[in-house]
Structure formats: structure tokens, C-alpha cells
Peer 1: 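Provided herewith is a single structure, encoded as C-alpha cells, for subsequent inquiry.
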Amino acid sequence: MRKTLRPLVLGAITAAALLPVAAPAWGQDYETSFADAYHTVSPDCAGTVHTEATRTPLPTNVEGVGVTVLFTADRPDPACSVTVNVSWRNNDSGSSGHEEITVSSIPEPGGRFPTDHGYERVLVDSGPGNVSVISDKNPGELTVPVQ
């Protein structure tokens, strides 16, 4: 039995030695979320809005901020949707912007989220720095470091 364990132990030690060393904070993934908030859009449409912001690569090969809004309605109905106004400001450069995100309570097929809610995502080319994100449907402010 020792003969079979020895290669496993040596293999585990070798694998551990080959693991990459942790990257500095700028190179690591970064994701943060607002507290969920319940909203009544109309008498027939209400649900929970969840907004998250992540440091993400943009199609232009630079880092930016991805803002994702998820809407879990009390009852799925394509006519039930919520509009979330997202503002961002780069605290280092002063650049800023605004995005309006409308999310239906019915998800798009084949998405990365479960099928019990709808979602939409926007990408923000904020430039490098600490980027503050505000959602008019969720309390507080998030800050995402972008390199």
C-alpha cells in the first residue's frame, strides 16, 4: 500500500509547487454587489433587483467595469420589466457616465444565469482607477478598482 501512496504524495507535492503565486490586487478578479431591493413597477409587475459590478476585460483589450442587473419578478411575464439607471465615476480621472438598463422578468435563452429571472449587462470603458458605481434601484455605492 505504501508503494501506491508514494506516487500520489509526490504528485500532490509537485502539483502544489506548480500552482501560480497569487497575483497582485489589480490582476485579480473583482466583483461586488449591491444589496437586493424589492420594487413595484406596476400593480401587475414587482420583484427583486440585484445589481453587481465586476472588473472585466472589454472588447478593446483594456479593463473596464461590467454592470449586471438581475430581475426576479413575482411572476414571469414578458411585459414585466424594470429600468435601472446606473451612473459611474472614475474617482481618479474624473470621467463619468450613465447607462440605462431595462431588464425583462423573462430571461434570454442560453444565458449564464438561472432561468428564474431576467438579466442584462453593460460594459463601461471607465479608464484605469477606482470606479464608483451607483444604481437608482439599489441602496449604496460600489467601488471597483480598474487597472
Peer 1: Which heavy atom in Gln147 sits nearest to a heavy atom in Pro128, and how many Å separate them?
Peer 2: C-CB, 3.5 Å

Peer 1: Could you give the distance from CZ (Arg121) to CG (Leu70), rounded to the nearest 0.5 Å?
Peer 2: 11.0 Å

Peer 1: Taking all heavy atoms of Val146 and all of Ser126, pick out the closest pair and write down the distance.
Peer 2: CG2-OG, 4.0 Å

Peer 1: Taking only residues at least two apart or on different chains, which pairs with a member in residues 39-98 satisfy disulfide (SG to SG under 2.5 Å)?
Peer 2: Cys45-Cys80

Peer 1: Search all heavy atoms of Ser81 against all heavy atoms of Val41 and return the closest pair with its distance.
Peer 2: O-CG1, 3.4 Å

Peer 1: Shortest non-hydrogen contact from Thr56 to Gly66?
Peer 2: CG2-N, 3.4 Å

Peer 1: Go through the structure and list residues passing side-chain hydrogen bond (donor to acceptor under 3.5 Å, both in side chains) with Ser95, not counting sequence neighbours.
Peer 2: Ser93

Peer 1: Mind listing the closest non-hydrogen atom pair of Ala53 and Val133 along with its distance?
Peer 2: CB-CG2, 4.3 Å

Peer 1: Any chance you could pull the hydrophobic cluster mates of Tyr38, using side-chain heavy atoms under 4.5 angstrom and chaining through other members?
Peer 2: none

Peer 1: Is there a continuous path of hydrophobic side-chain contacts, each under 4.5 Å between heavy atoms, that joins Trp88 to Ile134?
Peer 2: no

Peer 1: Asp36: which residues meet the side-chain hydrogen bond (donor to acceptor under 3.5 Å, both in side chains) condition with it, sequence neighbours left out?
Peer 2: His50

Peer 1: Would you say Val124 and Val131 make side-chain contact, with heavy atoms under 4.5 Å?
Peer 2: no

Peer 1: May I have the step-by-step check of side chain to side chain contact (heavy atoms under 4.5 Å, CB included) for Val86 and Val122, ending in yes or no?
Peer 2: CA-CA 10 Å; Val86 175; Val122 296; 5.8 Å; no

Peer 1: Considering only residues two or more places apart or on different chains, which pairs with a residue in residues 64-87 satisfy salt bridge (Lys or Arg N to Asp or Glu O under 4.0 Å)?
Peer 2: Arg75-Asp77

Peer 1: Quick one: pull up CD in Glu120 and CD in Glu100 and give me the separation to the nearest 0.5 Å.
Peer 2: 12.0 Å

Peer 1: Apart from Val62 itself, what residues make up its hydrophobic cluster when side-chain heavy atoms of I, L, V, M, F, W and Y under 4.5 Å apart count as a link, directly or indirectly?
Peer 2: Leu58, Leu123

Peer 1: Cut-off 3.5 Å, no hydrogens considered: what does the side-chain donor-acceptor table look like for residues 136-145, sequence neighbours left out?
Peer 2:
residue: Asp136; atom: OD1; partner: Asn85; partner atom: N; Å: 2.9
residue: Asp136; atom: OD2; partner: Asn85; partner atom: ND2; Å: 2.9
residue: Lys137; atom: NZ; partner: Thr83; partner atom: O; Å: 3.0
residue: Asn138; atom: OD1; partner: Thr51; partner atom: OG1; Å: 2.6
residue: Asn138; atom: OD1; partner: Ser135; partner atom: OG; Å: 3.0
residue: Asn138; atom: ND2; partner: Ala35; partner atom: O; Å: 3.0
residue: Asn138; atom: ND2; partner: Val49; partner atom: O; Å: 3.0
residue: Glu141; atom: OE2; partner: Ser132; partner atom: OG; Å: 3.1

